Amino acid sequence: MIDAFAKDNLHERLRRDRKALLWKLDGLSEYDARRPLTATGTNLLGLVKHVAIVEARYFGEVFDRPSPEPLPRWQDYNGSDLWATEDETCDQIIGFYRRTWEHSDATINDLPLDAPGHVPWWPEPYLNTNLFAIMVHVLGETNRHAGHADILREGVDGRTGMRPEHEMQIDEDARTAYCAKIEQAARSASSAKA
């Protein structure tokens, strides 16, 4: 009974966080979706591409259920999963991610939580694992990168939130006042310590 509850709960949270990550691309131009937004080049479309490849590997190769999508060999990792080339469109990467969901969901639905898996890119003694551990791992990856995307999207156009139905209209005056209050607290704390 607890296995079914745990599996359903983790799976539902994964579905929620996948949608939240994709929503961060909503309404953006090709340029804004892919342009570097940090000193290390982190960008919104690259986060989606990365998470899609991570999910395809973990719910595919780890359980000997290879993704039907072509993936670069994990041994050849070079960071190219973190950004979109000029030949890859938002629609293509979003489509890839959605197709990956279908494959991953089939793996999750078909296997029990204790189904054995093998992660060749993990160090000993962690190479051998199970579906439960992989679900927790992929959920953590998805959640982490959805958080990155939330901050990046706020920097692009001020939009925040996890789902469209919770998004509130941007009140620039209220945001400015709120940030000024936080800035004042930071300055006061800094000068008090000096």
Side-chain angles (χ1 to χ4, degrees), residues 1-26 42-84 88 90-153 161-166:
M1 166 111 43
I2 190 68
D3 281 0
F5 171 79
K7 186 176 177 181
D8 290 346
N9 192 277
L10 289 170
H11 200 177
E12 188 53 42
R13 289 177 181 270
L14 178 59
R15 287 182 185 113
R16 176 200 67 190
D17 292 347
R18 287 168 173 164
K19 290 176 187 172
L21 177 58
L22 266 193
W23 182 55
K24 295 305 166 182
L25 295 174
D26 185 54
T42 306
N43 61 90
L44 289 160
L45 190 57
L47 289 173
V48 172
K49 181 180 175 182
H50 171 72
V51 172
I53 291 172
V54 164
E55 188 168 320
R57 285 202 194 295
Y58 279 102
F59 290 118
E61 294 172 42
V62 168
F63 296 100
D64 200 24
R65 298 167 64 102
S67 171
E69 300 286 327
L71 298 174
R73 290 175 357 118
W74 64 266
Q75 298 94 329
D76 299 332
Y77 179 78
N78 62 5
S80 62
D81 66 324
L82 295 169
W83 58 281
E88 296 173 308
C90 284
D91 288 343
Q92 288 170 330
I93 291 174
I94 289 168
F96 165 57
Y97 191 28
R98 289 184 184 279
R99 290 186 304 277
T100 295
W101 297 357
E102 292 173 15
H103 186 260
S104 298
D105 289 347
T107 297
I108 293 167
N109 291 333
D110 291 349
L111 300 178
L113 279 179
D114 62 352
H118 179 77
V119 187
W121 52 89
W122 283 3
E124 287 284 358
Y126 308 105
L127 293 164
N128 296 312
T129 188
N130 60 33
L131 181 62
F132 176 77
I134 295 301
M135 288 182 76
V136 170
H137 180 79
V138 172
L139 177 61
E141 282 283 316
T142 306
N143 187 273
R144 176 176 180 243
H145 293 308
H148 294 146
D150 194 35
I151 291 168
L152 294 178
R153 180 62 189 254
M162 191 164 167
R163 293 188 294 273
E165 62 268 23
H166 296 291

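As a basis for the values below, the full set of heavy atoms in this structure was taken, side chains included, without hydrogen atoms, waters or symmetry mates. Keep in mind that what you see is a predicted model, and the values were worked out from it rather than measured.
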Quiz item: Passes side chain to side chain contact (heavy atoms under 4.5 Å, CB included), Leu45 versus Glu88? Steps please.
Solution: CA-CA 10 Å; Leu45 190 57; Glu88 296 173 308; over 6 Å; no
Interatomic distance, [X] atom [atom1] to [Y] atom [atom2] [nearest 0.5 angstrom]:
X      : Y      : atom1 : atom2 : value
Met135 : Asn130 : CE    : CG    : 11.0 Å
Ile94  : Leu25  : CD1   : CG    : 5.0 Å
Ile134 : Leu111 : CD1   : CG    : 11.5 Å
Arg57  : Trp121 : CZ    : CH2   : 6.0 Å
Asp26  : Leu44  : CG    : CG    : 11.5 Å
Arg144 : His148 : CZ    : NE2   : 4.5 Å

Heavy atoms, side chains only, cut-off 4.5 Å: are [X] and [Y] in contact?
X      : Y      : answer
Lys24  : Leu47  : no
Glu141 : His137 : yes
Trp23  : Asp150 : no
Asp3   : Asp114 : no
Tyr97  : Leu21  : yes
Tyr58  : Val119 : yes
Val136 : Leu10  : yes
Arg13  : Asn143 : no

Expected output: side-chain [X] to main-chain [Y] donor-acceptor under 3.5 Å:
X      : Y      : result
Thr107 : Phe59  : yes
Lys49  : Phe96  : no
Asn9   : Phe5   : no
His103 : Arg65  : yes
Lys7   : Ile108 : yes
Arg99  : Gly95  : yes

Quiz prompt | No-hydrogen, no-angle side-chain donor-acceptor test under 3.5 Å, His118 and Asp64 | solution = no
Quiz item: Passes side chain to side chain donor-acceptor pair (under 3.5 Å), Asp17 versus His145? Steps please.
Solution: CA-CA 9 Å; Asp17 292 347; His145 293 308; over 6 Å; no
Exercise. For Ser104 and Glu55, run side chain to side chain donor-acceptor pair (under 3.5 Å): C-alpha distance rounded to whole Å, both residues' side-chain angles, the deciding distance at 0.1 Å, then the answer.
Key: CA-CA 7 Å; Ser104 298; Glu55 188 168 320; 3.0 Å; yes
Exercise. Begin from the C-alpha positions of Asp110 and Phe63 and carry the test side chain to side chain contact (heavy atoms under 4.5 Å, CB included) through to its verdict.
Key: CA-CA 11 Å; Asp110 291 349; Phe63 296 100; over 6 Å; no
Self-check item: Nearest heavy-atom neighbours spanning Leu113 and Ala6
Solution: CD1-CB, 4.0 Å
Exercise. In sequence, state the C-alpha distance, the side-chain angles, and the governing distance for Ile53 and Leu71, and then conclude on side chain to side chain contact (heavy atoms under 4.5 Å, CB included).
Key: CA-CA 7 Å; Ile53 291 172; Leu71 298 174; 4.3 Å; yes
Exercise. For the pair Arg18 and Val51, evaluate side chain to side chain contact (heavy atoms under 4.5 Å, CB included) and give the outcome as yes or no after the intermediate values.
Key: CA-CA 9 Å; Arg18 287 168 173 164; Val51 172; over 6 Å; no
